[in-house]
S.K.: 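Would you mind keeping the following structure in view while I ask a few things?
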Amino acid sequence: MRDRQPAAVRTDSLRQSAQEVDILDILGRWGKNEIMDCKEFERLIPGFIAKKLDYPTLKRFFGHVQQCKDCREELEIQFLVREGMQRLEEGNAFDLQSELGQRMEESEKSIRYHSAFLYLGIVMEIVAVGMLGGIVIWILL
């Protein structure tokens, strides 16, 4: 015979689990939500500088740079070298530290924007399924 927890305990643990799990992981959208390692991060830096990362990759990239000091420093170095050399060749004045900060802010806004639309799409799908279910039940009755 299995030892069962009271319903209140099960409900509380389910709520806590639901809060800890991203709904995107449950639905499996936008590929894997794996943690990016430093090697992959360094490989993606040129794509970030060129603004060519897609949403899921940018989300993982941004999450990693927020948590890994070494990779943040590597990003700063590569950004300073690539953008600095280009600006020197063009003869333009520049403040690369603030430009990198702006690029990071743009990335964060892009992630929030795409996430909002993704969640809106999920909600709309749930509503559509509910409406279709209601219509089917109404027709059958």
Side-chain angles (χ1 to χ4, degrees), residues 2-141:
R2 288 186 348 184
D3 185 41
R4 294 187 160 206
Q5 295 178 333
V9 173
R10 284 194 311 265
T11 304
D12 289 342
S13 65
L14 286 175
R15 281 189 197 132
Q16 183 179 7
S17 296
Q19 290 171 352
E20 293 172 359
V21 176
D22 187 2
I23 193 164
L24 297 179
D25 290 337
I26 295 170
L27 297 176
R29 295 182 181 261
W30 294 100
K32 299 174 184 173
N33 247 354
E34 298 173 354
I35 296 173
M36 183 176 288
D37 63 7
C38 295
K39 187 175 182 179
E40 182 181 7
F41 179 88
E42 287 181 21
R43 185 180 56 80
L44 293 171
I45 289 175
F48 174 78
I49 292 171
K51 299 181 181 180
K52 294 188 178 192
L53 297 182
D54 60 2
Y55 165 70
T57 307
L58 179 61
K59 185 176 179 181
R60 293 175 51 232
F61 184 92
F62 190 77
H64 184 82
V65 78
Q66 297 297 329
Q67 296 177 354
C68 183
K69 182 181 176 188
D70 293 338
C71 287
R72 170 81 179 179
E73 289 174 3
E74 181 64 27
L75 174 61
E76 289 174 359
I77 291 167
Q78 286 194 35
F79 186 82
L80 292 172
V81 169
R82 289 176 192 240
E83 293 295 316
M85 292 300 291
Q86 181 179 354
R87 298 284 173 22
L88 285 173
E89 289 173 2
E90 295 171 355
N92 295 335
F94 52 88
D95 179 8
L96 295 177
Q97 286 292 341
S98 66
E99 287 184 34
L100 178 58
Q102 288 173 346
R103 183 80 53 95
M104 295 301 290
E105 288 175 14
E106 290 172 8
S107 297
E108 186 176 16
K109 287 178 185 177
S110 176
I111 291 168
R112 283 196 314 258
Y113 176 79
H114 282 88
S115 294
F117 274 103
L118 184 59
Y119 287 121
L120 178 62
I122 292 168
V123 168
M124 290 175 66
E125 288 178 16
I126 292 169
V127 168
V129 167
M131 289 176 65
L132 285 173
I135 291 170
V136 168
I137 291 172
W138 180 68
I139 290 173
L140 293 175
L141 294 177

S.K.: Would you give the length of the straight line joining atom OH of Tyr55 to atom CG of Leu58, rounded to the nearest 0.5 angstrom?
M.R.: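 Interatomic distance, Tyr55 OH to Leu58 CG, rounded to 0.5 Å: 9.0 Å.
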S.K.: Do any side-chain atoms of residues 46-54 form donor-acceptor pairs under 3.5 angstrom with protein atoms, and if so which ones, sequence neighbours left out?
M.R.:
| unit_1 | atom_1 | unit_2 | atom_2 | d |
| --- | --- | --- | --- | --- |
| Asp54 | OD1 | Thr57 | N | 3.1 |
| Asp54 | OD1 | Thr57 | OG1 | 2.5 |

S.K.: Hey, could you give me the CD/CZ distance between Glu99 and Arg103, rounded to the nearest 0.5 Å?
M.R.: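 Going from CD on Glu99 over to CZ on Arg103, the span is 7.5 Å.
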S.K.: Could you grab the distance from atom CD of Glu42 to atom SG of Cys71, nearest 0.5 Å is fine?
M.R.: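 Glu42 atom CD to Cys71 atom SG measures 5.5 Å (nearest 0.5 Å).
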S.K.: Can you tell me which residue among Glu106, His114, Arg112 is in a side-chain contact (heavy atoms from CB on, under 4.5 Å) with Ser110?
M.R.: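 Result for side-chain contact (heavy atoms from CB on, under 4.5 Å) with Ser110: His114.
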S.K.: Taking all non-hydrogen atoms of both residues, which atom of Leu96 and which atom of Glu83 are closest, and how far apart?
M.R.: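 Smallest heavy-atom distance, with atoms named: CD2-CB, 3.7 Å.
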S.K.: Please identify each residue that fulfils side-chain contact (heavy atoms from CB on, under 4.5 Å) with Leu141, with sequence neighbours left out.
M.R.: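 Only Ile137 meet the side-chain contact (heavy atoms from CB on, under 4.5 Å) criterion with Leu141.
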S.K.: Sequence neighbours left out, what passes side-chain hydrogen bond (donor to acceptor under 3.5 Å, both in side chains) with Glu40? Give chain and number order.
M.R.: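 With sequence neighbours excluded, Glu40 shows a side-chain hydrogen bond (donor to acceptor under 3.5 Å, both in side chains) to Arg60, given in chain and number order.
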S.K.: Return the set of residues passing ring pair (Phe, Tyr, Trp, His ring centres under 6.0 Å) with Phe79 (not counting sequence neighbours), or none when no residue passes.
M.R.: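 Ring pair (Phe, Tyr, Trp, His ring centres under 6.0 Å) check on Phe79 returns nothing, list empty.
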S.K.: Only pairs at least two apart or in different chains count here, so list each salt bridge (Lys or Arg N to Asp or Glu O under 4.0 Å) that has a residue in residues 64-75.
M.R.: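 Listed once each, the pairs are Arg72-Glu76.
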S.K.: Leu80 and Gln97: side-chain contact (heavy atoms from CB on, under 4.5 Å), yes or no, with the steps?
M.R.: CA-CA 8 Å; Leu80 292 172; Gln97 286 292 341; 3.9 Å; yes
S.K.: I'd like to check the side-chain hydrogen bond (donor to acceptor under 3.5 Å, both in side chains) partners of Glu108; sequence neighbours left out, ordered by chain and number.
M.R.: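 Here no residue qualifies.
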S.K.: How far apart are the closest heavy atoms of Val65 and Leu75, and which atoms are they?
M.R.: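 Closest heavy-atom pair between Val65 and Leu75: CG2-CD2, 3.9 Å.
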S.K.: Please report the closest heavy-atom contact between Met36 and Phe41, naming both atoms and the distance.
M.R.: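 Reported closest heavy-atom pair: SD-CA, 3.7 Å.
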S.K.: Can you tell me how far apart CZ (Phe61) and CD1 (Ile111) are? Round to the nearest 0.5 Å.
M.R.: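 Going from the CZ atom of Phe61 to the CD1 atom of Ile111 covers 10.0 Å.
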S.K.: Hey, could you give me the OG/CD distance between Ser107 and Gln66, rounded to the nearest 0.5 Å?
M.R.: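 Here the interatomic distance stands at 10.0 Å.
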